[in-house]
2 protein chains.
Amino acid sequence: MVRRRQSVTIKHVAADAGVSLQTVSRVINSEANVRPEMKARVQASIDKLGYVPSIAAQRMSGSKSYLILALNDRERTIEAWKAREGNDWVDQMLMGGMLMCAEHGYRLIFELVDTHDDNVQRELKAAIAALQPDGVILTPPHADNPLITDLLTAHRIPFARIGAETRDGAIALTMGDDRLAALAVRHLIAKGHERIGFIAGSREYALSGWRKRGWLEAMTAAGLATDGLCERGDFSYDSGEAAARRLLSGKVRPTAIIASNDQMAMATNAVAHELGMRVPGDLSLISFDNTPVVRFVQPPLTAIEQPVADTVAKAVELLIMANRGEPLPPMPVVIEGSLIERDSVAAPRRG
Amino acid sequence: MVRRRQSVTIKHVAADAGVSLQTVSRVINSEANVRPEMKARVQASIDKLGYVPSIAAQRMSGSKSYLILALNDRERTIEAWKAREGNDWVDQMLMGGMLMCAEHGYRLIFELVDTHDDNVQRELKAAIAALQPDGVILTPPHADNPLITDLLTAHRIPFARIGAETRDGAIALTMGDDRLAALAVRHLIAKGHERIGFIAGSREYALSGWRKRGWLEAMTAAGLATDGLCERGDFSYDSGEAAARRLLSGKVRPTAIIASNDQMAMATNAVAHELGMRVPGDLSLISFDNTPVVRFVQPPLTAIEQPVADTVAKAVELLIMANRGEPLPPMPVVIEGSLIERDSVAAPRRG
DNA sequence: TTGAAAGCGCTAACAC
DNA sequence: GTGTTAGCGCTTTCAA
């Protein structure tokens, strides 16, 4: 066991600059009450010695830990990873969050927690005790789990909830799901579609409701009927297949379908082919999420891009602002996605 | 600014169990010289109070930091992420490394560093000073960068090099690239192919050489000619396209091609289609890496799986063993991949 | 086998 | 504006 000591500490800098530890500390944390010349002198020593504060020591003295914890559902995340279906949200979260953290001298730590387990609180407490993070990012379905949010509140650790309902002004972010669903509807209407079906996602996710509501409201606003045009899946391929089958064999066969995620859209595409329908000739298709795979399906799918990386980056930014006591914008913060046109949408066949 | 204190500290446990801090510390670190009954009593208090040691404090007192740093090339990683071509190695690294870390009470921190920049050392020094990681995982091309390895050696921080040449017994891991390339060759030979082309990867990666060597040796061992059957790309789609074009318009038109990664394989597939060749009828194709996208190409590609997650998990394990002073296996440790059969390989057309 | 004391690197609180 | 002091939670001495 090697006993590792910091090679350059605040003491070295203080000695080199001929000032007290405290002054160096003030410079590091860009506090007030340091004369510019002092500050310059200290900074010169810092640069010269290549000094970087130890986050462990900073944390120990009751200050920040410079650690942000990103919490994800264990079961789902591992399942998605093992399935290797080209879903890249872990990638997006990590890159978006990590890059923003790096900009501010923070680090992102990714952690999996069992939402359904009774041990959520124990697991989370352990992570908090070990890491003392300055902020926590919660994704669905954690974001709506009171066991988690209450615990964080009790520990006074700021947290950002992604894709969850806003509550009491706490940090919350969405990607504008309802507006995006409405956007998809209007895009199809503009192409001439009137019977636009919708495949909803699992009720466990708040955003499933938002997406469905966006579809419903846009349809209603356009004076289009919606009866028999909505089926619910659970975001899995299989559930999408079943929903698509119901939709396409129902009385009011839609000429276009919006699916609440890519897997269900891909399933719908397969079902359509199986039924001898051509996409987009006989059926137009728009999916949600825009994970990499939709570009490789035949036809490449027109999709609603979910700006996961930007959203997580913003969450990090808000958490850091909260740490600094800076004023936060009104919640929820919306990082709106957009419609990416590819080849799965066309005008409906006459008749 | 909230001043956060540990809610349950070693003191609380010591008081609850009626022992000294030291004894609790010994139990936590499962050291010798604690009577079983003492140990049980302390453990009971730990469980009762839900005590978890603060890694900051542990690190401060000269012990471990329980942090493993995974270093990746900034430029490449960001580029791959932005391209969104379905390459999932960040995902694989993160999940493989994180899960193994979690098993041992460690955390994985992902960090990007500019390999080519003169600032590599400065960047790395900063990360080391801030985090004091117990180990570092190096991927290509970092794994071969002496600026990095020398610095880590000087700081006496154990590091694991993935996909790099073994040197002086330091921790190194490979995925058996040469054997896998040979496996692909033999798979094609078994189908009846004799003119098997190879598209090599960038020279900057040691594994490019291994893969090519595996192909070369297997061909030679089978008594097959290799002249004019190898072209070099740089792992990009475009370079694969160019290489495929050269290969397929050369004098010895191959009946099968092995590409050193998926992007170049997909490019080859596209070029073949463009030239009016059918895959696998006129050209069989095997790619390296087996990222999710190859399943969605037409035809789905037979590919060499690279067990990135397992390899990174093993790297973490070895680093933790090194930390504990446990004996390490001979290097390099090989986590061998396998051939995943799909639809891009068939017997060559008679002719 | 156990305990007491010192100190890791840093910042908060207070003095000057 | 700047320096001094105390202490964060833990492990490493060293003493009992």
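Every chain is numbered from 1 and lettered A, B, ... according to where its sequence line falls, protein lines coming before strand lines. Keep in mind the model is a prediction, meaning the values are calculated, not measured.
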5'-most contact on DNA chain C: A:V8 or B:A32, nearest heavy atom basis? B:A32
Determine: side-chain N/O of A:Q58 to OP1/OP2 of C:dT11, distance under 4.0 Å, yes or no. yes
Return whichever of B:R59 or B:R35 has its heavy-atom-nearest nucleotide of DNA chain C closer to the 5' end. B:R35
Is the backbone of B:P307 close enough, under 3.5 Å, to the side chain of B:T311 for a donor and an acceptor to pair up by distance? yes
Measure from the side-chain N and O atoms of A:Q121 to the backbone N and O of A:L147, and report whether any donor-acceptor pair falls under 3.5 Å. yes
With sequence neighbours left out, which residue pairs that include part of residues 23-77 of chain B fulfil the ring-ring contact (aromatic ring centres under 6.0 Å, His included) condition? B:Y66-B:Y106
Gap between atoms CD1 and P, on A:I55 and C:dT11 respectively (whole Å): 12 Å
Within this structure, what is the CZ-to-C1' distance between B:R41 and C:dT2, rounded to whole angstrom? 12 Å
Whole angstrom is fine here: how far is it from OH in A:Y66 over to P in C:dG9? 18 Å
Listed pairs under 3.5 Å, donor-acceptor, residues 67-75 of chain B side chains, sequence neighbours left out:
unit_1	atom_1	unit_2	atom_2	d
B:N72	OD1	B:T139	OG1	3.1
B:D73	OD1	B:T115	N	3.3
B:D73	OD1	B:T115	OG1	2.9
B:D73	OD2	B:R76	N	3.1
B:D73	OD2	B:R76	NE	3.4
B:R74	NH1	B:D114	OD2	2.9
B:R74	NH1	B:E123	OE2	3.0
B:R74	NH2	B:L112	O	3.1
B:R74	NH2	B:E123	OE2	2.9

Short question: side chain of B:S61, backbone of B:S63 - any donor-acceptor pair under 3.5 Å? no
Name all pairs fulfilling the salt bridge (charged side-chain N to carboxylate O under 4.0 Å, His left out) condition that reach into residues 17-29 of chain B, sequence neighbours left out, sorted by first residue then second. none
Please set out all donor-acceptor pairs under 3.5 angstrom arising from side-chain atoms of residues 39-47 of chain A, sequence neighbours excluded.
unit_1	atom_1	unit_2	atom_2	d
A:R41	NH1	A:A17	O	2.5
A:Q43	NE2	A:D47	OD1	3.1
A:S45	OG	A:D16	OD2	2.6
A:S45	OG	A:R41	O	3.4

Rounded distance in Å - CD1 (B:I46) to C1' (D:dC10): 13 Å
If I take atom NZ in residue A:K64 and atom C1' in nucleotide C:dA12, what distance separates them, rounded to the nearest angstrom? 13 Å
Nearest whole Å is fine: how far is D:dG9 P from B:H12 NE2? 8 Å
Between A:N29 (CG) and C:dC10 (C1'), how many Å, whole number? 9 Å
For B:V34, report the nucleic acid contact type (base, sugar-phosphate, nothing); a contact means any heavy atom under 4.0 Å. sugar-phosphate
According to side chain to side chain donor-acceptor pair (under 3.5 Å), does anything in residues 163-174 of chain B pair up with another residue at least two apart or in another chain? List the pairs. B:E165-B:W210
Looking at the side chain of A:S63, which of C:dA12, C:dC10, C:dT1 is the nearest nucleotide? C:dA12
A:K11 NZ to C:dT11 C1', in whole Å, measures 14 Å
For residues 139-149 of chain A, pull every pair meeting salt bridge (charged side-chain N to carboxylate O under 4.0 Å, His left out), keeping only residues two or more places apart or in separate chains. A:D144-A:R161
Between the protein and nucleotides 3-7 of chain C, list every N/O to N/O distance that falls short of 3.5 Å.
unit_1	atom_1	unit_2	atom_2	d
C:dG3	OP2	B:S20	N	3.0
C:dG3	OP2	B:S20	OG	2.8
C:dG3	OP2	B:T23	OG1	2.6
C:dG3	O6	B:R26	NH2	2.9

Report for the helix from C:dT1-D:dA16 to C:dC16-D:dG1: angle between first-end and last-end helix axes, five pairs each, rounded to 10 degrees. 30°
Which of the following nucleotides, D:dC10, C:dG9, D:dG1, is nearest to the side chain of B:T9? D:dC10
Checking contacts here: which listed nucleotide (D:dT2, C:dA12, C:dC10) is nearest the side-chain heavy atoms of A:E31? C:dA12
Sequence neighbours excluded, every pair satisfying ring-ring contact (aromatic ring centres under 6.0 Å, His included) that has a member inside residues 18-38 of chain A: none
